[in-house]
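Below, chains carry the letters A, B, ... as their sequence lines are ordered, and counting in each starts from 1.
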2 protein chains.
Amino acid sequence: MKNVTIHEIARALKIDSSTVSRALNNSDRVKESTKKLILKKAEELGYRRNVLASNLRKRKGNTIGVVIPRVSRHFFSSAIAGIEKVAQEAGFNVIISQSLEQFDREERIVENLISNRVDGILISVSMETKKADHLANCIKNGIPFVFFDRHLEGFPESGRVIIDDNFGGFTATEHLINKGCKRIAHFSGPQDLHVYKNRLEGYKKALAKHNLAYSSDTPSRLTEADGTLLAKKILKDFKDIDGAFFANDISAIAAMKYLKKAGIRIPEDIAIVGFSNEPMSEVIEPSLTTIDQSGEIIGKKACELLIDNIAKGNRVFNNEAVVFEPKLIERDSTKK
Amino acid sequence: MKNVTIHEIARALKIDSSTVSRALNNSDRVKESTKKLILKKAEELGYRRNVLASNLRKRKGNTIGVVIPRVSRHFFSSAIAGIEKVAQEAGFNVIISQSLEQFDREERIVENLISNRVDGILISVSMETKKADHLANCIKNGIPFVFFDRHLEGFPESGRVIIDDNFGGFTATEHLINKGCKRIAHFSGPQDLHVYKNRLEGYKKALAKHNLAYSSDTPSRLTEADGTLLAKKILKDFKDIDGAFFANDISAIAAMKYLKKAGIRIPEDIAIVGFSNEPMSEVIEPSLTTIDQSGEIIGKKACELLIDNIAKGNRVFNNEAVVFEPKLIERDSTKK
DNA sequence: TTGTAGGCGTTATCAA
DNA sequence: TTGATAACGCCTACAA
């Protein structure tokens, strides 16, 4: 399986490979006529630049690594869409990997990206991530990264693009209050992640503002199974609530399914608000009131910031914290 | 930003870099004691193998490229899960790219993968894909690929892992017939793709078997918007149908939403069957009867086949066509 | 068990 | 405008 190289083109044309290289890179230091000749011969021989060799020589590969919990979550797949758009325009390739919410997977992925000499990393950390040695490694290796959505503290070098989860939690909760709910429960996620901690804070703030009692369960991982479990708990331990704010849609929807089967009327008995605006939330009945995070915009912005930092050649990092304001999407699960 | 190389380790230890290389590759042709020494020094210096250089030298990169229409479709994200599992065990990296159903994107992606010298490609083609020059290019460059789900004809070199869409279409349609439907419409996808053509064939076969009349619309791309459009057409041109088989869940669900608003009762007025078993199909009311494609199993099998072919060093390709039988998931949208 | 030497395919620097 | 040469970092015959 012989691969055509610049040397073969050079040999065929009886010129030097360095000239071929220049021509293929469209340098202006090569005569137009020979350039044409070279391009033609390259086409003819089916030449294809060996990106590995080129990157090795240039010590960079024009590649951005993206690390997310899972591609199947709507927020993340929209973020990817935004990232790819920006990256492509700037001539970067994108490598996507999913941690599946597992810290060890996340570690391996980041190690791998470093080893592959990516130019930068966009990351939304897993639910298990508490330490950040793997990210410290990036810095050590001169690879800039930008957090989006789920971030960690302690990285003055790196930017982050997030939403105001505190505001989101506050808005969700106050919406329930405005609808007349008096006993509102909140079901949160891992508190090591700011997104969940802040949603909880926002919830508390809204309660405090309106002088209502606090009623929250221990945080879960907010999977579908967790949602079902939480619904059972509601029927057992939170029997008197009239409103519930779930920290994501997946758990909220699973809970709704269970509660409906148990004869609880939504929103009459319990009004419900989710978080993320998964496509499913529009489909379930009653449709689920939720908070939209506009993943595509966040992805775009994060990618811009990263490319900016890559361009800066990691001298002075742009460690901006861009914060978007999430939007309440009012639907039937709170329509009283 | 100095990167630690094997040479620096060698210099620090006053030995040759080739010994270092051997030690780092855990060769048994280096004394245990020096190996220990080298590993320790490597750790100490924060050495990290330059995968680019290593791959260049070895002329292969232990990487599999995956090309799919979109990550946000349940079938594809489950397929990815299966692929990653198998790939990881075999020590391969996985690069995921989405064509977004656009042929030119798909072409670019494949070109890119070839340029990056991936060891093999797993692909499920876009709805726009009719030609396959880009894949012929893979063969020409000695890169094996395996189709999964959406495949093309004319590649005797490459295997494929698919489901029996004909059977799926037949099963879906006969299910409607068994439920008492007499006038069943089918809404298909691009006929260049075998999956949709075969689902249509299966539909026809079931009708023929039961002596029922055929009633199908021109194929669409089966997006959400298409689903809404199809629902409008049903109200206008297919007013008398009592059953509908959609070639995917996304369009079926969009249609259901519209029909419900228009006062059509499901399944009483029209029974509906989708295809793919998207998570949403379980959530909508009535829950949607559909055909499950078991993405993870397909992904796994496809990846195994590919790795098999990679191992064969593209001498004799395993061009097996593995066909899985899809399963009907009966839900409320056909419960008469 | 270790060292020597050369090359994977490109690109950058210098000289012509 | 072109050519010669070295280097990017690693691996692997071959020799010692």
Side-chain angles (χ1 to χ4, degrees), chain A residues 1-39 41-42 45-63 112 114-119 141-143, chain B residues 1-39 41-42 45-63 112 114-119 141-143:
Chain A
M1 205 49 27
K2 58 162 189 7
N3 273 315
V4 184
T5 72
I6 52 174
H7 299 293
E8 302 188 34
I9 300 179
R11 204 177 317 131
L13 258 34
K14 296 191 200 313
I15 55 175
D16 194 86
S17 59
S18 55
T19 305
V20 176
S21 173
R22 278 189 285 258
L24 292 171
N25 285 300
N26 203 15
S27 157
D28 47 1
R29 296 176 21 146
V30 51
K31 220 196 309 175
E32 271 305 320
S33 58
T34 49
K35 196 185 280 186
K36 280 232 176 67
L37 229 58
I38 292 171
L39 259 37
K41 183 57 87 180
L45 260 44
Y47 169 80
R48 157 171 280 123
R49 165 188 278 119
N50 185 325
V51 181
L52 261 54
S54 174
N55 288 347
L56 173 61
R57 181 63 236 251
K58 292 191 296 192
R59 297 160 136 267
K60 62 177 298 256
N62 269 96
T63 304
N112 224 294
I114 299 177
S115 291
N116 278 290
R117 305 294 196 269
V118 296
D119 297 286
N141 286 278
I143 298 178
Chain B
M1 204 49 27
K2 55 158 197 358
N3 273 315
V4 185
T5 72
I6 52 173
H7 300 291
E8 301 188 35
I9 300 178
R11 206 177 315 132
L13 258 34
K14 295 190 202 312
I15 54 175
D16 193 85
S17 58
S18 59
T19 306
V20 177
S21 172
R22 279 189 283 258
L24 292 171
N25 285 303
N26 203 16
S27 157
D28 48 0
R29 295 175 24 148
V30 53
K31 220 197 307 176
E32 269 307 318
S33 57
T34 48
K35 197 185 281 188
K36 280 232 175 66
L37 228 57
I38 291 171
L39 259 37
K41 183 57 88 182
L45 261 42
Y47 170 80
R48 157 170 281 123
R49 167 192 271 117
N50 185 325
V51 180
L52 260 54
S54 174
N55 288 347
L56 174 60
R57 179 60 233 255
K58 291 190 297 193
R59 297 158 136 266
K60 61 177 294 249
N62 268 97
T63 304
N112 223 294
I114 299 177
S115 291
N116 278 290
R117 304 297 198 268
V118 295
D119 297 286
N141 285 278
I143 298 178

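Both A/R29 and A/H7 lie near DNA chain C, and the one whose nearest nucleotide falls closer to the 5' end is A/H7. Taking for each of B/L52 and A/S33 the nucleotide of DNA chain D with the nearest heavy atom, the 5'-most of the two is the partner of A/S33.
Within the structure, a side-chain polar atom (N or O) of A/R59 is placed less than 4.0 Å from OP1 or OP2 of D/dG9. Contact annotation: A/S21 does not reach the phosphate of C/dT10 (side-chain N/O to OP1 or OP2, under 4.0 Å). Side-chain nitrogen and oxygen atoms of A/R117 include none within less than 4.0 Å of the OP1 or OP2 phosphate oxygen of D/dC8. For A/N25 and C/dT11, the shortest distance from a side-chain N or O to OP1 or OP2 is below 4.0 Å. Using a 4.0 Å cut-off, some side-chain N or O of A/S54 falls inside it from OP1 or OP2 of C/dT11. Distances shown here put a side-chain N or O of B/T19 below 4.0 Å from the OP1 or OP2 atom of C/dG3.
In this entry the distance linking NZ of A/K58 with P of D/dC8 reads 17 Å, nearest Å. Atom CD in A/E32 sits about 10 Å away from atom P in D/dT2, given to the nearest Å. Protein atom CZ of A/R57 is 6 Å distant from nucleotide atom C1' of D/dC8, rounded to whole Å. Remark: C1' of D/dA16 and CD1 of B/I15 are 17 Å apart, rounded to the nearest angstrom. Between the CG atom of A/N26 and the C1' atom of C/dT11 there is a distance of 15 Å, given to the nearest Å. Look at CG on A/N3: it is 10 Å from C1' on C/dG9, rounded to the nearest Å. Atom CG in A/D16 sits roughly 9 Å away from atom C1' in D/dT5 (whole-Å rounding).
The B/K31 side chain lies nearest to C/dT2 when the options are C/dT2, C/dT11, D/dT12. Distance from the side chain of B/R22 is smallest for D/dC14 among the nucleotides D/dG3, C/dT10, D/dC14. The listed nucleotides are C/dT11, D/dC14, D/dG9; the one nearest the side chain of A/I6 is C/dT11. The side chain of B/S18 approaches C/dT4 more closely than any other nucleotide in the set C/dT2, C/dT4, D/dC10. Among the nucleotides C/dT10, C/dA15, D/dA15, the one closest to the side chain of A/T5 is C/dT10.
Judged by distance alone with a 3.5 Å cut-off, no donor-acceptor contact links the side chain of A/R49 to the base of C/dT10.
Using a 4.0 Å heavy-atom distance criterion, B/T34 is classed as a sugar-phosphate-only contact.
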| field | Verdict with supporting geometry, B/S27 and B/N25, side-chain hydrogen bond (donor to acceptor under 3.5 Å, both in side chains) | value | CA-CA 5 Å; B/S27 157; B/N25 285 303; over 6 Å; no

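Among all heavy-atom pairs drawn from A/V30 and A/A23, the shortest one is CG1-CA, 4.0 Å. Here the shortest heavy-atom pairing between A/N116 and B/V51 reads OD1-CG1, 3.6 Å. Listed here is the closest heavy atom pair of B/S21 and B/I6: CB-CD1, 4.3 Å.
Using a cutoff of 4.0 Å between basic side-chain nitrogens and carboxylate oxygens, B/E8 and B/R11 are not scored as salt-bridged.
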